[in-house]
K.L.:
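Input: one structure, supplied below.
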Amino acid sequence: MDERATCGHSGGMPRVLTAPVVADLIRPTLSAQGVGPAYLRLTEALRHAIADGRLPEGSRLPSERDLPGPLGLSRTTITRAYAELRSQGYLRTRRGSGSLVQVPHVPGGRIDHLLTPSALGEGVLDLTCTAAAAPPGTSEAYQDAVEDLGAYLPGTGYYPGGLPVLREVLADRFTARGLATSPEQVIVAPGALAGVAIAARALLSRRERVLVETPTYPNAIATLEGAGARTVAHPVDHVHDDWQVTELTRALRSSGARTAYLIPDFHNPTGALMPAEQRRELGRVMRALGVVPIVDESIVDLPLDGQPVPEPLGRHVPDSVTVGSVSKSLWGGLRVGWLRVPRARAEEMAASRLKLDLGVPVLEQLVAARLLQDAPQILARQQARLREGREIVLAGLREHLPDWRVRVPRGGMALWCALPASGSTALATAARRYDVALAAGPNFAAGGGLDGWIRLPYVLSPEQLGQVAPRLALAWADVLAGRVEGGRDARGEEARRIIA
Ligand SMILES: Cc1ncc(COP(=O)(O)O)c(C=O)c1O
């Protein structure tokens with residue numbers, strides 16, 4: 001069986017989309033289609049919704065008998081549109097299961113150089129990674145930490161929960177943000193992704209469902225699936241910062257997922273920020289259903305427009321597990337992250353951690369503790385740098401690619417752009433000719449699709465960022481002119497796991 005066909009709502013019964021839900025979802029695109037045969041307009045509207053992940057891979061469309069009513073179209077129109085989608089590879093029919101959404105394979109474009117960054121070569125603009133250079137002061141923090149290290153050398157150096165001094169700093173930071181935390185509730189891990197792995201192994205059993213946003217951070221999908229879980233994709237309306245709580249609740253109920261992995265703060269890749277009101281609402285839902293969220297706060301320290309970030313989602317679900325790190329706010333090379341766990345789960349999480357590794361290097365923890373104490377000044381500089389980068393890429397897009405649509409994110413490190421047509425994977429392939437490395441939209445798709453989207457990080461130097469849009473314009477012209485070749489990428493699934 002095709003591996004990818006299972007990744008949206010993996011295995012088991014497909015998610016059933018009712019006729020009114022599908023009709024509501026595609027109506028705006030349908031009315032925007034203008035003139036032309038009704039079945040082609042419907043095909044295009046459905047294809048659009050599949051490509052951008054709103055109709056997740058593996059879900060079941062309403063029967064050809066049920067859809068005409070809510071859409072005001074004839075049954076013949078629906079039948080012809082479904083046939084067209086089938087011939088284009090967007091639907092498959094399984095006996096007894098009706099018409100299931102699938103996303104056709106797209107050629108090339110996956111990026112797998114991160115394990116050996118030098119493979120990209122000099123002069124290549126690496127847009128596969130949302131991570132910045134170390135801030136000024138990092139080198140001094142290392143030198144000071146070497147002095148501090150002396151006090152630890154007589155001991156064994158094993159601190160599986162983390163150095164007390166760092167746990168204390170982290171607990172204070174949570175408490176200051178409104179989530180009262182004691183150092184015993186903090187476990188230091190080698191990065192936020194390691195935090196997700198620890199939480200996933202503790203919370204999820206084999207084949208259990210976990211709800212994730214789509215798009216989402218690709219390595220988290222791999223980590224959750226690596227822990228044996230099956231992902232249930234929930235599309236988020238990032239343009240309006242809307243987590244669509246009613247739909248999310250429905251997805252939790254129908255899938256039976258008791259764990260959710262969420263990035264409410266300047267979500268990667270979209271930059272969306274969950275509003276305070278939706279945090280409260282979602283908190284109520286999760287408490288009622290007994291769902292434990294793994295809240296990934298990796299990007300919470302990067303608001304760019306001076307707005308206050310709403311209180312942590314974890315505040316509304318006492319049983320939640322929160323993960324974070326200094327990778328985005330300070331430097332990825334430190335490999336220092338953490339989990340904040342409920343008291344009742346502290347032992348279970350500590351045990352899960354010990355199954356993965358025995359701790360983070362003492363020196364790096366000391367550096368992180370020092371840098372975090374100076375965080376306000378360092379972060380202000382990082383944010384200014386990112387604001388400048390965001391403006392350069394946006395200005396470039398306005399000039400060179402005016403028909404790409406992008407909502408200015410209020411924080412984070414990347415733009416999430418809607419291309420005027422599907423072709424993100426082809427774009428990533430074409431861009432390599434112009435020395436640009438990209439992670440195509442489908443890498444971020446939990447439920448398949450998203451080939452009409454591309455993520456553009458703005459973390460490089462201003463000079464480099466100034467070249468992004470002109471080079472992408474050349475690559476996009478190649479895509480539109482059909483000058484992109486490439487067979488199926490056999491390594492696709494493996495490769496998406498190492499995009500940052
Ligand atoms: C949402 C999110 N979580 C986790 C990570 C990985 O963080 P770390 O390097 O701390 O493991 C990233 C990196 O891009 C991310 O965007």
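Remember, it's 1-based here, ligands and their atoms both numbered in the order they're listed. Quick note: residue numbers are just sequence positions, from 1.
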K.L.:
Quick check: Leu193 and ligand 1, any N/O pair under 3.5 Å apart?
P.N.:
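Among all N and O atoms of Leu193, at least one is under 3.5 Å from an N or O of ligand 1.
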
K.L.:
Taking the side chain from Thr249 and the backbone from Val245, do they hold a donor-acceptor pair closer than 3.5 Å?
P.N.:
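Yes, because the side chain of Thr249 sits within donor-acceptor range (under 3.5 Å) of the backbone of Val245.
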
K.L.:
Take Ser329 and Gln382, measure what side-chain hydrogen bond (donor to acceptor under 3.5 Å, both in side chains) needs, and give me the verdict at the end.
P.N.:
CA-CA 7 Å; Ser329 54; Gln382 291 281 65; over 6 Å; no

K.L.:
With a cut-off of 4.0 Å, which atoms of ligand 1 are near a heavy atom of Thr130?
P.N.:
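What qualifies from ligand 1 is 14 (O).
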
K.L.:
Are the side chain of Thr270 and the backbone of Trp416 linked by a donor-acceptor contact shorter than 3.5 Å?
P.N.:
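No, the answer is negative, given that no donor and acceptor are paired below the 3.5 Å cut-off.
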
K.L.:
Relative to atom 16 (O) of ligand 1, which among Val300, Asn268, Val323 owns the nearest non-hydrogen atom?
P.N.:
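Residue with the shortest heavy-atom distance to the ligand atom: Asn268.
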
K.L.:
Tell me whether Glu348 is salt-bridged to Arg201, with the criterion being a basic N under 4.0 Å from an acidic carboxylate O.
P.N.:
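The answer is no: the pair does not qualify as a salt bridge.
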
K.L.:
What is the minimum heavy-atom distance between Pro457 and Leu465, and which atoms define it?
P.N.:
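Smallest interatomic distance, heavy atoms only, reads O-CD2, 4.1 Å.
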
K.L.:
For ligand 1, which atoms sit closer than 4.0 Å to a heavy atom of Ser327?
P.N.:
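Going through ligand 1 atom by atom, the ones under 4.0 Å from Ser327 are 8 (P), 9 (O), 10 (O).
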
K.L.:
Pull out every atom of ligand 1 sitting under 4.0 Å from any heavy atom of Ile263, numbered as shown with elements.
P.N.:
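Listed by number with element: 1 (C).
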
K.L.:
Please assess Trp243 against His238 for the test ring-ring contact (aromatic ring centres under 6.0 Å, His included), listing each intermediate value before the final yes or no.
P.N.:
CA-CA 8 Å; Trp243 259 252; His238 68 274; 9.7 Å; no

K.L.:
Of all the heavy atoms in Lys328, does at least one lie under 4.0 Å from an atom in ligand 1?
P.N.:
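The answer is yes, since Lys328 has a heavy atom less than 4.0 Å from ligand 1.
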
K.L.:
Test of understanding: given a 4.0 Å heavy-atom threshold, classify the contact between Arg335 and ligand 1 as side chain, backbone, both, or neither.
P.N.:
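For Arg335, only side-chain atoms sit under 4.0 Å from ligand 1.
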
K.L.:
Checking the N or O distance criterion of under 3.5 Å, is ligand 1 in contact with Ala192?
P.N.:
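Checking ligand 1 against Ala192, an N or O pair does fall under 3.5 Å apart.
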
